[in-house]
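Below is one structure, written out as structure tokens, with a few remarks after it.
Predicted, not measured: the structure shown is a model, and the values here were computed from it.
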Protein chains: 2
Amino acid sequence: MSRPNLDNRERIITAANRLFYIKGYNQTSFADVANELEISKGNLHYHFRSKDDLLKAIISFRIDMVKGNLAKWEQAYPEPIDKLRRFVQMLINEEADIVRYGCPIGSLNMELGKFQLELRDLSRELFELFRRWLEKAFKQLGHKDSKALSLHLLTMAQGAALLTYVYADKKLLKAECNKIINWIEAL
Amino acid sequence: MSRPNLDNRERIITAANRLFYIKGYNQTSFADVANELEISKGNLHYHFRSKDDLLKAIISFRIDMVKGNLAKWEQAYPEPIDKLRRFVQMLINEEADIVRYGCPIGSLNMELGKFQLELRDLSRELFELFRRWLEKAFKQLGHKDSKALSLHLLTMAQGAALLTYVYADKKLLKAECNKIINWIEAL
DNA sequence: GTCTATAATACGATAGAC
DNA sequence: GTCTATCGTATTATAGAC
């Protein structure tokens with residue numbers, strides 16, 4: 001591992017987060033996570049009593065990551081239009097992963113909604129963090145329908161990520177992101 | 001059942017198709033399907049040797065359904081712009097299911113891509129059927145970038161379905177469909 | 001074609017030694 | 001905190017009677 005000083009709990013979260021994204025939650029077993037880190041399943045159960053428990057920790061971990069990124073962007077991009085541009089840039093930056101595994105937030109929400117009804121609210125918060133931040137930027141640009149605009153931007157981003165993944169075509173992502181940027185600047 | 005004269009193979013396909021949509025493929029067991037139809041698991045295995053086999057049959061079943069619908073629309077809507085409108089209308093018609101379970105094509109592609117690499121081509125064909133049909137309509141309207149337009153329309157539709165599902169909000173679907181219709185008519 | 005019974009495996013979870 | 005060993009269960013799949 002690149003960060004050997006992490007304690008196991010953090011290492012488990014890091015590894016499980018990646019595996020849940022790449023393989024999906026249902027297709028990832030405790031054995032998979034344990035093998036990845038070369039620790040025992042019993043150790044895993046010491047840190048997380050159940051798989052449900054681990055999932056909750058992963059979602060919370062992702063929520064914290066998103067909050068952290070948004071806080072950085074808030075500092076780095078004072079202009080609201082640059083905030084919107086930065087959101088789209090995220091898709092470009094994550095191109096390689098999106099092509100192979102889709103959007104981590106969209107795919108998790110899709111998967112959980114079909115069986116984990118209690119966790120839908122928590123995973124939806126990943127969308128809401130971005131949406132509220134985007135809504136604020138639209139509002140600062142003087143738009144009255146800023147909430148609808150934020151939802152529309154998320155819609156286009158999710159659609160772009162899904163189609164890019166299905167067709168495994170990075171050109172598709174680039175083309176859709178250009179359309180989104182044009183839409184933002186034409187508003 | 002509403003159609004008691006169907007033989008078991010067809011009844012299995014109908015039931016499994018619905019369960020794979022509602023619960024997801026990985027969360028649907030042979031026992032689930034058998035219980036739904038009140039038949040034995042052994043009977044199920046007589047008609048489909050493996051779960052993989054059943055999945056292939058379901059995808060083929062869906063492909064045939066889409067082909068059938070497109071053939072009907074081809075007859076009913078000679079004007080290309082009406083073809084595009086009809087595609088969007090499909091989302092409105094399926095509102096209740098989309099709110100609860102998402103888009104059947106999008107969610108299946110998302111789920112399969114994460115572990116069933118061999119079946120990605122087959123499930124992608126569900127997108128391609130719609131895309132080629134839409135591309136033809138755009139072409140008839142005189143657009144040179146008809147392929148890009150077809151992909152963009154699919155992108156917006158998938159994004160709308162996903163957000164509608166995540167927020168469980170039918171108003172969101174309606175709003176996004178209106179935006180899509182406006183985009184089509186403004187082209 | 002449909003059933004019951006059962007094999008074989010994988011998984012989530014627990015107990016107890018260290 | 002980490003390990004090994006094991007339990008209980010669910011799941012896919014097969015065998016054989018009817």
Gap between atoms [atom1] and [atom2], on [X] and [N] respectively (whole Å):
X: A:Tyr46; N: C:dA15; atom1: OH; atom2: C1'; result: 15 Å
X: B:Leu44; N: D:dT12; atom1: CG; atom2: P; result: 10 Å
X: A:Ile39; N: D:dT4; atom1: CD1; atom2: C1'; result: 14 Å
X: A:Phe48; N: D:dG1; atom1: CZ; atom2: C1'; result: 14 Å
X: B:Asp53; N: D:dT14; atom1: CG; atom2: P; result: 11 Å

### Task
Decide whether A:Gln116 and A:Asp52 meet the rule of one side-chain donor and one side-chain acceptor closer than 3.5 Å.
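Their side chains do contain a donor-acceptor pair, which is all the 3.5 Å distance test asks for.
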
### Message
Assess, by modelled atom type and distance only, whether the side chains of B:Asp53 and B:Ser50 contain a donor and an acceptor separated by less than 3.5 Å.
### Response
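On atom types as modelled, these side chains do not qualify, holding no pair under 3.5 Å.
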
#### Entry: Salt bridge present between A:Asp121 and A:Arg124 (N-O < 4.0 angstrom)
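Here A:Asp121 pairs with A:Arg124 in a salt bridge, since their nearest N and O are under 4.0 Å apart.
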
### Task
Run the salt-bridge test on A:Arg131 and A:Glu128 with the 4.0 Å N-O cut-off and return the result as yes or no.
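Here A:Arg131 pairs with A:Glu128 in a salt bridge, since their nearest N and O are under 4.0 Å apart.
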
### Task
Applying ring-ring contact (aromatic ring centres under 6.0 Å, His included), name anything that partners B:Tyr165, two or more places apart in sequence or on another chain.
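Scan of B:Tyr165 (ring-ring contact (aromatic ring centres under 6.0 Å, His included), adjacent residues dropped) gives none.
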
### Task
Quick one: closest heavy-atom pair of A:Gln27 and A:Asp32, and the distance?
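Distance-wise, the nearest heavy atoms are O-OD2, 3.5 Å.
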
### Message
Side chain of B:Asn43, heavy atoms from C-beta onward: which of C:dG1, C:dC3, D:dC3 has the nearest atom to it?
### Response
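Nucleotide nearest to B:Asn43's side chain: C:dC3.
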
Nucleotide N/O to protein N/O under 3.5 Å, stretch nucleotides 6-12 of chain C:
{"residue": "C:dG12", "atom": "OP1", "partner": "A:Lys51", "partner atom": "NZ", "Å": "3.0"}
{"residue": "C:dG12", "atom": "OP2", "partner": "A:Phe30", "partner atom": "N", "Å": "2.9"}

### Query
So, is A:Asn8 near the phosphate of D:dG1, with a side-chain N or O under 4.0 Å from OP1 or OP2?
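For A:Asn8, the contact criterion (side-chain N or O under 4.0 Å from OP1 or OP2 of D:dG1) is not met.
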
